[in-house]
Amino acid sequence: MSATSSSDLQAGPARKSAPAVKSRPAAAAVVLVAGLAALAFALALSIAFGAADISLATVWNAVFHYNADLQEHLIIHELRMPRALAGALTGACFAVAGALMQGMTRNPLADSGLLGLNSGAALALALCFAFAPGTPYLVIIVWCFVGAGVAAGIVYGIGSLSKGGLTPVRLVLAGAAVSALFTALSEGVALYFRIGQDLAFWYAGGLAGTKWTQLDAILPWTAVALVLSMMLSRSITLLSLGEEVASGLGLNIGRTRMFALLLVLVLAGTAVSAVGAVAFVGLLIPHVTRYLVGVDYRFIIPCSAVLGALLIVLADIGARMIDPPYESPIGALIALIGVPFFLYLARRERREL
Amino acid sequence: MNADTVLQAERRRRSKVFFMLGILGVLIVAAFLLSMNAGSFRMSPGTVLNTLFGNGTDKEKLVLFEFRLPRISIALLVGAGLALSGCVLQGISRNGLADPGILGINAGSGLVVLMFVAFYPSTDAAPVFALPVLALLGACLTALVIFGMAYKRGEGILPSRLILTGIAIAAAISSATIVLMLRISPEKYQFVATWMAGSIWGSTWTFVLALLPWLIAFGAYIMLKARTLDVFGLGEQTASGLGAPVSKDRTRLLLVAAGLAGACVAVSGGIGFVGLIGPHIARRLVGPRHSALLPTSALCGALLLLIADTISRAMPTASEIPTGIVVAVIGAPYFLYLMARSRA
């Protein structure tokens with residue numbers, strides 16, 4: 001059943017004529033412009049808000065006329081800017097990675113976590129905490145990335161080594177199995193060494209303590225990957241129409257798929273290693289975007305990037321506001337914002353996903 | 001193809017199914033005997049048989065009849081129940097990623113257990129007996145909320161809407177869980193984390209008796225509806241075109257799947273993987289027809305959970321490793337192997 005199920009599950013967008021499934025360039029333009037404006041405002045707000053009250057005007061000055069002698073400028077430059085920017089960047093990464101996965105596998109339940117990335121990173125993290133406590137933060141990030149890469153490699157390897165090659169269904173199933181395996185292993189390690197709660201703190205996701213060095217480390221990778229994703233978006237749209245259609249239109253399916261998976265690995269891998277597994281963004285944002293701008297991935301991918309960035313920056317502001325001076329886990333905040341919206345969409349949705 | 005070859009193919013398919021069921025049955029008996037020996041109090045296979053037929057010492061009888069047999073029965077029942085539930089959900093939603101977790105059952109029961117442990121003054125023995133009841137309560141509540149939100153007048157419960165709603169509610173519950181988990185003391189954290197990873201708590205005859213009727217009734221109902229599930233696989237329009245009362249059957253089957261999974265999770269903690277992987281393994285063994293798929297899934301699930309539980313008891317570690325973890329560690333590689341081999 002599985003072979004047919006997931007593929008005709010996604011026949012929906014091409015077949016039905018509900019208004020939500022057309023592509024809408026005008027709506028996409030509106031979403032992009034409004035989203036970017038909102039993002040800029042949210043970033044400014046995020047920088048202005050905190051233990052030391054700073055006005056928006058000061059933020060403006062600190063960014064464009066930086067003066068290292070002023071303490072406020074120093075706070076903005078050293079603490080708040082990297083944090084806000086990292087939030088925006090990782091949000092864009094998660095959202096685009098999710099959009100790529102959903103388009104490629106034609107399964108609306110797919111997100112970057114399905115490649116085993118989150119579980120691989122979690123296992124690497126658990127092993128770091130268990131066997132080498134006190135590893136510096138930057139080294140842990142590298143290990144998390146390695147763990148995510150290993151998990152994704154296994155998923156991809158098993159999917160493509162099997163007879164008949166890498167089909168979306170196989171990718172999704174292999175991803176679920178490998179994720180379950182790695183999650184179980186890290187749960188085992190956590191219970192055995194009694195480090196579960198420490199792990200949960202790290203893993204619940206948070207942007208606190210993001211430094212420029214971290215941002216410098218992830219920026220080039222993610223920027224390149226984001227640009228490449230947009231360049232690949234046309235092929236993703238074709239893939240989302242189904243294998244036959246895509247190859248009929250002259251698309252090299254295997255190569256596109258491999259390329260897209262590599263992009264997902266880089267995008268989500270760096271994001272997970274920087275802020276922890278902020279779940280739900282990769283799942284939620286592409287759905288919302290598809291609802292707003294239609295089924296063309298040339299519009300979905302850039303709009304997802306903007307909306308994903310916006311969501312995480314807002315959630316981060318909320319995480320600092322709810323219970324100061326403590327920070328609430330950002331993942332919980334995202335669920336708080338995302339769940340009602342997602343439920344609303346689910347109720348309106350009439351077509352088969 | 002003429003009628004003869006079709007008949008022959010059908011016969012061959014059927015004998016293959018019986019062959020698979022037979023093999024699974026034999027494996028379960030073997031695992032059962034092995035499982036009897038495993039544990040901190042070692043018993044040889046001879047002693048086990050002796051005791052089974054009533055000739056053991058008091059201590060042997062006690063260990064076997066009061067501790068091991070109920071636990072093994074629970075493992076078998078829970079495995080079969082979760083796999084059946086997963087099989088039905090995957091059939092209805094036509095999505096291979098659907099499993100009882102989508103109904104929010106693991107998340108809901110986990111949260112209720114967590115809340116109880118977090119606000120209960122001490123970690124005495126008392127709460128342990130309340131856990132299954134609370135877990136069942138949490139599971140049912142969550143399933144009801146998800147059904148309620150996915151239900152729309154005139155349309156019933158659409159599978160796509162159910163899945164989306166389930167994801168959203170599960171995400172909400174797990175973020176509440178995270179927030180709460182970060183605030184409880186380390187000892188309580190350890191306790192709840194073990195429960196959530198899935199370890200078989202309710203291992204007495206009472207729980208076996210409580211679980212059995214559900215499993216038999218729901219299992220029988222699901223088997224009766226095997227044909228309907230086949231028809232669902234063809235898609236909504238085709239199904240109603242073939243005369244299946246789609247909306248009504250779907251709602252009933254969903255409720256049954258939820259009840260089954262809820263009852264299982266109540267005694268076993270958050271073992272999720274069996275419900276996802278059991279049906280898939282069965283599908284690779286006997287193909288997509290539900291009349292064969294359902295019993296094979298149930299047996300696969302039972303076998304998987306029994307083996308996992310045996311291993312988790314036999315492990316020479318100070319604290320028992322939760323069965324749910326062992327299930328994933330042995331189930332996932334086997335599933336990946338099956339997948340790499342098969343063509344579909």
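- Nearest approach of A:G188 to B:I325, heavy atoms of both residues: N-CD1, 3.4 Å.
- Minimum interatomic distance between B:A328 and A:L181 (heavy atoms only, all atoms of both residues): O-CD1, 3.7 Å.
- Summarising the geometry of A:A177 relative to B:L336, their closest heavy-atom pair is CB-CD2, 3.9 Å, with the distance given to 0.1 Å.
- Other residues, nucleotides and ligands contribute more than 12 heavy atoms inside 6.0 Å of the CZ atom of B:R13.
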